Amino acid sequence: MVSYRPASLEEFIGQKRIKEELKIYIPSVKSRQEVFPHTFFVGAPGLGKTTLARIIAFELRRDLKITSGPVLDKTGTLAAVLTNLKEGDILFIDEIHRMPKVCQEVLYAAMEDFALDIVIGKGQVAKTIRLSLPKFTLIAATNKPNLCLAPLRDRFQLIFKLNFYTDEELKEIIIKVGKAYGLYIDEKPALSLAKASKGIPRQALNLLRRLKDFAWLTRSQPEEHIKVDEGLVKEFLELLDIDEWGLTPEDRKCLLTLYKEFKGGPVGLGSLALSSGISVEELESIYEPALIRLGMLARTRKGRVLTQKGYLYLKERFGINPLEEGLCLFSK
Ligand code: ADP
């Protein structure tokens with residue numbers, strides 16, 4: 001199955017404010033034949049940072065080189081990437097916070113002066129040589145901007161924070177991308193899929209891929225055109241054990257652990273992750289934000305707590321009665 005990526009700003013759904021700004025900057029930079037300003041995208045994995053970088057390059061008709069923080073682990077590697085750029089190229093560095101500090105420091109002069117400072121020799125005989133670089137654009141993406149050195153962050157002229165998507169936006173994405181996958185999805189089942197997508201397009205697309213296999217196997221319809229109605233999506237979500245709130249087994253594990261092992265909290269993210277058997281990364285970037293948006297979990301200064309809504313969910317789903325347990329309720 002071909003993977004779907006919106007190719008232009010027009011096709012990109014959601015992130016309205018970012019799109020509105022880009023719709024001003026892109027044509028103005030293009031008409032002045034200038035180099036696009038260095039741009040910083042902040043947001044959880046799967047929200048569309050790489051897609052937006054591709055769209056900027058496409059709309060400007062510029063070449064895009066894609067790399068990532070973990071790959072650029074030595075100054076020599078970074079220098080090789082920078083010296084291979086052409087005037088106007090766009091360099092996209094994903095997970096830029098994972099670049100070592102010395103590499104982040106090399107970017108200061110590269111971004112500001114389009115120069116590369118190379119140190120030759122060691123100790124007292126060490127000399128710095130400055131090489132000039134072509135004027136290029138750096139687009140960087142991260143979920144952890146605080147792990148980037150402040151002087152690096154300050155060198156980005158445009159900083160965009162991507163929001164989690166609303167269920168309505170994800171519904172639109174699901175119907176549209178569904179068609180590209182040969183799935184014709186009604187509005188109501190599309191909304192059920194959206195609710196299970198955690199505000200993240202990548203999650204929605206993953207569900208769609210699995211839905212296609214499921215529909216194909218259970219309905220034996222020709223692969224090019226599958227009609228997806230409410231019944232089909234209900235069966236599909238049941239198979240994945242996703243409930244009517246859109247909560248997955250991992251979400252429930254997280255809430256139940258918080259309730260059973262930590263008496264509703266507060267508890268630190270690391271302890272909650274360890275006890276729930278979910279990685280800290282995933283808990284932080286996928287499950288926790290979704291549970292917070294649903295109002296079932298809250299982040300306090302002392303740690304994560306189960307909210308009143310979270311208890312009500314557990315009560316309805318598992319017949320748990322918090323009063324019997326003498327737990328403290330956090331109202332939201
Ligand atoms: P990130 O770089 O933030 O991790 P990506 O840009 O790789 O996220 O997006 C993940 C997937 O979701 C890609 O397949 C992409 O095409 C899709 N996607 C992201 N944002 C949108 C959107 N607004 N509309 C449709 N698909 C999207």
Side-chain angles (χ1 to χ4, degrees), residues 1-23 26 38-60 64-72 90-99 137-145 147-148 156 158-183 185 190-191 193-213 279 281-290 293:
M1 194 187 302
V2 280
S3 74
Y4 174 87
R5 253 186 211 282
S8 63
L9 274 183
E10 280 311 317
E11 281 178 39
F12 191 92
I13 295 163
Q15 309 298 346
K16 192 163 165 269
R17 200 188 58 75
I18 299 179
K19 271 195 316 195
E20 274 169 8
E21 282 199 49
L22 288 177
K23 274 184 189 164
I26 293 175
H38 300 307
T39 303
F40 198 41
F41 286 124
V42 178
L47 288 185
K49 301 181 291 298
T50 313
T51 306
L52 282 170
R54 283 178 185 275
I55 288 175
I56 293 173
F58 172 79
E59 302 244 350
L60 289 167
L64 176 73
K65 305 260 155 54
I66 296 185
T67 183
S68 72
V71 172
L72 303 174
I90 296 181
L91 174 66
F92 177 70
I93 306 182
D94 199 9
E95 297 191 275
I96 193 164
H97 62 276
R98 294 180 65 187
M99 269 172 82
T137 300
L138 175 64
I139 301 185
T142 181
N143 190 22
K144 297 193 168 75
L147 296 187
C148 291
F156 288 96
L158 301 178
I159 298 183
F160 294 116
K161 189 172 176 316
L162 281 83
N163 293 320
F164 286 94
Y165 292 66
T166 62
D167 289 345
E168 279 302 313
E169 287 167 342
L170 284 174
K171 184 183 90 177
E172 219 185 304
I173 292 174
I174 285 166
I175 293 178
K176 192 169 168 183
V177 181
K179 279 192 192 129
Y181 287 178
L183 298 168
I185 312 174
L191 190 61
L193 291 167
K195 282 192 177 144
S197 301
K198 315 245 158 292
I200 304 176
R202 182 177 288 139
Q203 299 280 327
L205 266 56
N206 288 344
L207 277 180
L208 279 177
R209 280 189 206 105
R210 294 166 80 172
L211 175 68
K212 180 155 186 178
D213 290 338
S279 73
E281 271 294 301
E282 283 193 327
L283 182 61
E284 199 177 18
S285 59
I286 301 176
Y287 302 108
E288 182 182 78
R293 279 197 309 283

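Order of appearance sets the numbers: ligands from 1, and atoms from 1 within every ligand. Residues: numbered from 1 along the sequence shown. From a predicted model like this one, the values you see are computed outputs, not experimental measurements.
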Return a yes/no value for [X]: is any of its N or O atoms, backbone included, closer than 3.5 angstrom to an N or O of ligand 1?
X: Gly46; result: yes
X: Thr51; result: yes
X: Gly48; result: yes
X: Pro201; result: no

Who passes ring-ring contact (aromatic ring centres under 6.0 Å, His included) against Phe40, sequence neighbours left out?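 Phe40 satisfies ring-ring contact (aromatic ring centres under 6.0 Å, His included) with Phe156 only.
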Is any side-chain heavy atom of [X] less than 4.5 Å from a side-chain heavy atom of [Y]?
X: Thr67; Y: Asp94; result: no
X: Cys148; Y: Ile96; result: yes
X: Ser197; Y: Ile174; result: yes

Would you call Gly14 a ligand 1 contact, heavy-atom distance under 4.0 Å?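 Gly14: no contact with ligand 1 (<4.0 Å).
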Determine whether any heavy atom of Ala141 lies closer than 4.0 Å to an atom of ligand 1.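 No, Ala141 has no heavy atoms under 4.0 Å from ligand 1.
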What part of Leu162, side chain from CB on, backbone N/CA/C/O, both or neither, has a heavy atom under 4.0 Å from ligand 1?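 The answer is neither.
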Applying a 4.0 Å heavy-atom criterion (strictly less than), which segment of Tyr165 is in contact with ligand 1: side chain, backbone, both, or neither?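 It is the side chain that touches ligand 1; the backbone stays farther off.
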Could you check whether Glu281 pairs with Lys144 (Lys NZ or Arg NE/NH1/NH2 to Asp/Glu carboxylate O, under 4.0 Å)?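 Result for this pair is yes, salt bridge flagged.
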Salt bridge present between Lys171 and Glu168 (N-O < 4.0 angstrom):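 Salt bridge between Lys171 and Glu168, a charged N being under 4.0 Å from a carboxylate O: yes.
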Please check if the side chain of Glu282 supplies one atom and the backbone of Ser279 the other of a donor-acceptor pair under 3.5 Å.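 Here the side-chain-to-backbone pair does not exist.
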Below 4.0 angstrom from a heavy atom of [X], which ligand 1 atoms are there? Numbered from 1 as shown, please.
X: Pro45; value: 4 (O)
X: Phe12; value: 20 (N), 21 (C), 22 (C), 23 (N)
X: Ile13; value: 22 (C), 23 (N), 24 (N)

For the atom pair CZ (Arg17) and CG (Leu162), what is the distance rounded to the nearest 0.5 Å?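 If I round to the nearest 0.5 Å, the distance is 9.5 Å.
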